[in-house]
2 protein chains.
Amino acid sequence: MSVRSDAAAKTRERLLEESLTLFSQRGYAATGIRDILKAAKVTQPTLYYHFADKASLFQALIERHYGESQEQLTATIDSQASVANKLLAFTTSSFEYCCADPRVPRLMFQTYFGATIPEIDGVLDKLTEKRFRLIVKVMEQGIQFGELSPSDPEFLALAFCSMVDQPINLFSRKSRPKKYLTPELAHAIVKLFLSGASIRTKNVTGP
Amino acid sequence: MSVRSDAAAKTRERLLEESLTLFSQRGYAATGIRDILKAAKVTQPTLYYHFADKASLFQALIERHYGESQEQLTATIDSQASVANKLLAFTTSSFEYCCADPRVPRLMFQTYFGATIPEIDGVLDKLTEKRFRLIVKVMEQGIQFGELSPSDPEFLALAFCSMVDQPINLFSRKSRPKKYLTPELAHAIVKLFLSGASIRTKNVTGP
DNA sequence: CTCTTAGTATACCATTCGGTATATGTTACG
DNA sequence: CGTAACATATACCGAATGGTATACTAAGAG
């Protein structure tokens, strides 16, 4: 790494960092290139030296952060043996990741659930699908090994991901996600998913 | 109703109808006033005769449709006695409402979860809060009357609403929401919420 | 020493945005 | 009949958009 290209990497980094802040706050469409330039203290030709256009900058941003979180998540799940613990690890890890830098989930959810942007469309689809498949696998294991009652693993994954992601989505928009996305909440979600909310009276399945 | 004001109501209606289609597809920011004019076959001064500005048109649109769905939902819940049936009615009713016109939930979720739009901010907050409170009440009843095991009713409502709303949000973006948001899915969600996913082995609470 | 990299500053482009102005027309109601 | 409601057509506004062009510079690399 030469001094020259090292400095270049730093400006590139500054562009990504500042655009993360702005995109996550105002969204892709409402964030002007000039806003980013001002925040990163860079002139317009410089931005177009590092990135082909606005969409490329955005895409680079998404892919970097999604890759990060995906790796972390996979490792955390694999470190656990039982399905219950895998799900708990998935939840707490997702919560922690959100609390560490709420800009990231905020950008993701906002882009995924917000208005369709033609230039960006489909960028997130493959990435979210990958994360979903991770949980489907866990559910399949759970059914196979007798931890979960036999049912559609895709349905279970959808329901569970909903219970995890919706709170992240909601609270990452608030001022203090850390106040809400606690380990206690993670635990409560997993427990509810596994055991349900109803009072269980003499409902025995075993012999 | 005079003939005159009746024709006026029809143009107003046409503006709302076409803007619903466009806003739900492209979102508020990306939908230009000119797009709406072209679709509704109306000139610009006419729009500004009926609505003060773009934001007012949008707000009128939101409030109309949210009011509709809210009334329907409250009535459906009240028509049921047990908590289990209330939750099932809430879910199926929400699904049906989405299938009847996916543009509506699509607009709602997109606006709520999408990028913050200063002119619109807070319009949906009170409305979604109202819907949430509806479910909190049901949970409180369920705990009080011994149908649900004692726990935080707000947490239960959050989890349940997540399981219902996230699929609506996801599938209202697809081409055929009716294929996915079936009564069977509604039933499965309620059952999962009440009974959980784990195999229940000799887990008796009663005497 | 020269060439390339990574930048700056400034100016400009066409297009679109939400919104307004003005002037004209139709038509139903009092 | 006259007036007010509801509409048309056309033209315009300032501001902002994403993106480009030109000219110039600092400095490390070969």
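We name chains A, B, ... by the order of the sequence lines, and we start the count at 1 in each one.
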Between the protein and nucleotides 10-12 of chain D, which nitrogen or oxygen pairs are less than 3.5 angstrom apart?
none

B:Q110 and B:Y28: side chain donor to acceptor below 3.5 Å: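 Result is no, nothing qualifies.
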
Donor-acceptor pairs under 3.5 angstrom involving side-chain atoms of residues 38-46 of chain A: please list them, not counting sequence neighbours.
residue, atom, partner, partner atom, Å
A:T43, OG1, A:T46, OG1, 3.2

With side chains defined as the heavy atoms from C-beta onward, is the minimum distance between [X] and [Y] less than 4.5 Å?
X      : Y      : value
A:I199 : B:E147 : no
B:S162 : A:P167 : yes
B:R103 : B:T21  : yes

Is there a residue in residues 114-122 of chain B whose heavy atoms reach under 4.0 Å of DNA chain C, and which residues are they?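 None, since no heavy atom is under 4.0 Å.
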
If you take any heavy atom closer than 4.0 Å to DNA chain C, which residues from residues 51-58 of chain A end up in contact?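 None, since no heavy atom is under 4.0 Å.
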
Apply side-chain contact (heavy atoms from CB on, under 4.5 Å) to A:F90 and A:V138, showing your working. CA-CA 10 Å; A:F90 172 82; A:V138 174; over 6 Å; no

Can you measure [X] atom [atom1] to [N] atom [atom2] for me and round it to whole angstrom units?
X     : N      : atom1 : atom2 : answer
A:K41 : C:dG7  : NZ    : P     : 15 Å
B:K38 : C:dC17 : NZ    : P     : 10 Å
A:I36 : D:dA16 : CD1   : C1'   : 15 Å
B:K10 : C:dA28 : NZ    : C1'   : 16 Å
A:Y48 : C:dT8  : OH    : C1'   : 17 Å
B:L37 : D:dA7  : CG    : P     : 13 Å
B:Y49 : D:dA4  : OH    : P     : 12 Å
A:L47 : C:dT10 : CG    : C1'   : 17 Å

Would you find a donor on one side and an acceptor on the other, under 3.5 Å apart, between the side chain of B:T128 and the backbone of B:D125?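 It does hold such a pair.
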
Determine all donor-acceptor pairs shorter than 3.5 Å in which one atom belongs to a side chain in residues 175-184 of chain A; sequence neighbours excluded.
residue, atom, partner, partner atom, Å
A:T182, OG1, A:E184, OE1, 3.4
A:T182, OG1, A:L185, N, 3.1

Residues forming a salt bridge (Lys or Arg N to Asp or Glu O under 4.0 Å) with A:R64, sequence neighbours excluded: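 Listed in chain order: A:E13.
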
Dump the intermediate steps for salt bridge (charged side-chain N to carboxylate O under 4.0 Å, His left out) on A:E129 and A:R133, then the final yes or no. CA-CA 6 Å; A:E129 178 69 13; A:R133 286 295 142 202; 3.0 Å; yes

Passes side-chain contact (heavy atoms from CB on, under 4.5 Å), A:T111 versus A:F23? Steps please. CA-CA 9 Å; A:T111 308; A:F23 280 140; over 6 Å; no

Which comes earlier along DNA chain C counting from the 5' end, the contact point of A:T11 or that of B:T31, where each point is its nearest nucleotide?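 Taking each residue's closest nucleotide, the earlier one in sequence belongs to A:T11.
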
